[in-house]
There are 2 protein chains.
Amino acid sequence: MAARAGVSRATVSRVVNGDAGVREVLAEKVRKAVDELGYVPNRAARSLVTRRHDAVAVVIAEPETRVFADPFFALQLRGISKELTSRDVQLVLLLTEGRDDHERVGRYLSGGHVDGALVFSLHLDDPLPGIIQGAGVPTVFGGRPGWPEGTVTSPYVDCDNRGGARDAVRHLVSLGRTRIAHITGELDQTSAVDRLDGFRDVLPDAGERFVARGDFTPAGGERAMRELLDRVPDIDAVFAANDLTASGALRVLRERGRRVPEDVAVVGFDDMLAVAEQVDPPLTTVRQDIEEMGRLMARMLLAKGELPAESVVLPTKLVRRGSA
Amino acid sequence: MAARAGVSRATVSRVVNGDAGVREVLAEKVRKAVDELGYVPNRAARSLVTRRHDAVAVVIAEPETRVFADPFFALQLRGISKELTSRDVQLVLLLTEGRDDHERVGRYLSGGHVDGALVFSLHLDDPLPGIIQGAGVPTVFGGRPGWPEGTVTSPYVDCDNRGGARDAVRHLVSLGRTRIAHITGELDQTSAVDRLDGFRDVLPDAGERFVARGDFTPAGGERAMRELLDRVPDIDAVFAANDLTASGALRVLRERGRRVPEDVAVVGFDDMLAVAEQVDPPLTTVRQDIEEMGRLMARMLLAKGELPAESVVLPTKLVRRGSA
DNA sequence: TTGAAAGCGCTAACAA
DNA sequence: TTGTTAGCGCTTTCAA
């Protein structure tokens, strides 16, 4: 390679890495040789000396397959992938299967095989965040970890779940609705808790019977909607914890002969287009830019050290469609 | 490390890699030192000399987010992840976004950063398989690639889509059904084509009006079911290309007042438990062991060279529940 | 059975 | 601005 370009290996290295201080004539020669030989630097050799890996672990801690199947993850992963790709950083995927795996992941991260970790840990009692903190790897969490404020020092990226929920409920209020219910998400996840809190912020006096527990799935939405209709037959609005839940609720409302939005107005959360635009009527919902959250996580991780990384909470936006 | 155990680096290396020919006394000393020091071998240094990477790329070529969100992928990825983890091989995830990315992936794979690739390319006209063949990396495909027989030399792992479909339709026939329809999957994927072929194997005389095009989604299933009922009101059975499609079909059947299975029997495909067991009535469906397919892909890839790797088609099994 | 020594391909410090 | 050199941490001959 160096021979082909008629320069030293050091110069090749400088050109390949875009270091300044190489005469354009030489640089051009090197680039030509690179092209001709299809030269690709050996990551291992580079890593050995730079002590960087140009690799980031994405840890998805989820015993249940269902969650991985949530379009939510897919989108976030897309965002991460795009950002990493553009910086030529490898995405090493770590899926965990129950508690035993946590230790394994901890070991892996401590092992110094990656430059950092992007961690999705959905459940409030998950020990993984703690283990990862202990591993001493730069980490950014996806979604606010369910730990007491201050315990976790790594930053997270989340959307304003509580504020978004408030917007949704306020919108229903502004429509003149007075018997507004909420179908929660899986309440061992902070996003579900935060959305419930937002609901309560606006309607502190809503009774318990206006809140039904869901689990972020359409089936959960159906179940909860039935409960609500049984408990409060004259309900006139529902704020669902996410779009999938809302889609289930819509189905039950139709089945029970309630018109949407005339009889019951429905608002979702996420603005998952594949759901929100497909249901009938199209869903009024709270949009969060999921892919951007993924991107941002990657950017923060790779920028760490340069900037003291604070957690970021992205704004949401109410998107009006037919359902409310 | 070597100092701590009082042996040479060479001996440490032998113990860590499980090479034979080290006295147990020494081996024990080394293991003790490893534990105490929390020693983890440096992958880069190892890779530099062994010219292996202990890393495998998983390439998911899918412009649409939807497909990644399919539980199908999640399960297969789980299987892959388990197998790789147990062998201490890294899973490097490569997501592609449209055609431009294909070249990038090709370059990456040619670059010799991984020991092999597991590739999911869903669409018949996808250029990616060709590019990957050219990259000269050991590859195993997930699902039969939509290329003329013999063009692609890398093996694939798939389930017996055609045979499974035949079983499903034969089951409906054995139930005495005579007006059996099929809702297809996305027909630019081989799995959808094969299942349609299986349907036609058993019912070569079924007219075109008994076949409605779906796309593997519940919404597609609903649409197709409506079409079918409009075209053939006295239909008495439906074989849906997958469980999600079947769930959509069930919804429409209920909406139109058809009883399942009394009026219309329904069979799905996949045995996605989250769907098949949840719908009402529970779905009779064709089971494929998706996670095992993922496992097998990884195993084949890592065994290549040792065995001449032939493609593997796993058997399916009809699972009877309430819908047929 | 063990150790000494070479060297994998690269970058970074230093010298020219 | 460029080249020379040392060395990253491991495995793998080869010799003892």
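Chain letters run A, B, ... following the sequence lines, proteins first, then strands; residues in each count from 1. What you see is a predicted model, and the numbers here were worked out from it, not measured in a lab.
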Would you call B:Glu83-B:Arg87 a salt bridge at under 4.0 Å N-O? yes
Closer than 4.0 angstrom, basic N to acidic O: yes or no for B:Lys29 and B:Glu24? no
Name all residues meeting the side-chain contact (heavy atoms from CB on, under 4.5 Å) criterion together with B:Ala10; count only those two or more places apart in sequence or in a different chain, and write none if there are none. B:Ser8, B:Arg14
Sugar-phosphate atoms are those with a prime plus P, OP1 and OP2; base atoms are the rest. Using that split, label each nucleotide of nucleotides 1-6 of chain D B, S or - for protein heavy atoms under 4.0 Å, 5' to 3'. SBBB-B
Beyond-backbone contact of B:Ile60 with B:Thr96, side-chain heavy atoms, under 4.5 angstrom: no
Please examine the side chains of B:Met300 and B:Glu310, heavy atoms only from C-beta on, and report whether any two atoms are closer than 4.5 Å. no
Between residues 31-49 of chain B and DNA chain C, which residues have a heavy-atom gap below 4.0 Å? B:Leu48, B:Val49
May I have the distance from A:Asn17 (atom CG) to C:dA12 (atom C1'), rounded to whole angstrom? 11 Å
Measure from CZ on A:Arg51 to P on C:dG9 and round the result to the nearest Å. 20 Å
Rounded at 0.5 Å granularity, tell me how far CG in B:Leu75 sits from CD1 in B:Ile80. 11.0 Å
D:dT11 OP1/OP2 closer than 4.0 Å to side-chain N/O of B:Arg52: no
Please tell me whether B:Thr139 and B:Gln133 have a donor and an acceptor in their side chains that are separated by less than 3.5 angstrom. no
Once ring-ring contact (aromatic ring centres under 6.0 Å, His included) is applied, do any residues pair with B:His113, and if so which ones, sequence neighbours excluded? B:Tyr108
Mind checking what makes salt bridge (charged side-chain N to carboxylate O under 4.0 Å, His left out) contact with B:Arg144, not counting sequence neighbours? B:Asp194
Are A:Glu292 and A:Arg299 close enough, and set up right, to give a salt bridge (charged side-chain N to carboxylate O under 4.0 Å, His left out), and what steps lead you there? CA-CA 10 Å; A:Glu292 176 59 22; A:Arg299 244 179 278 142; 3.3 Å; yes
Intra- and inter-strand pairing of DNA chain D, written as dot-bracket with Watson-Crick and G-U pairs under 3.5 Å and | for the latter, reads ||||||||||||||||
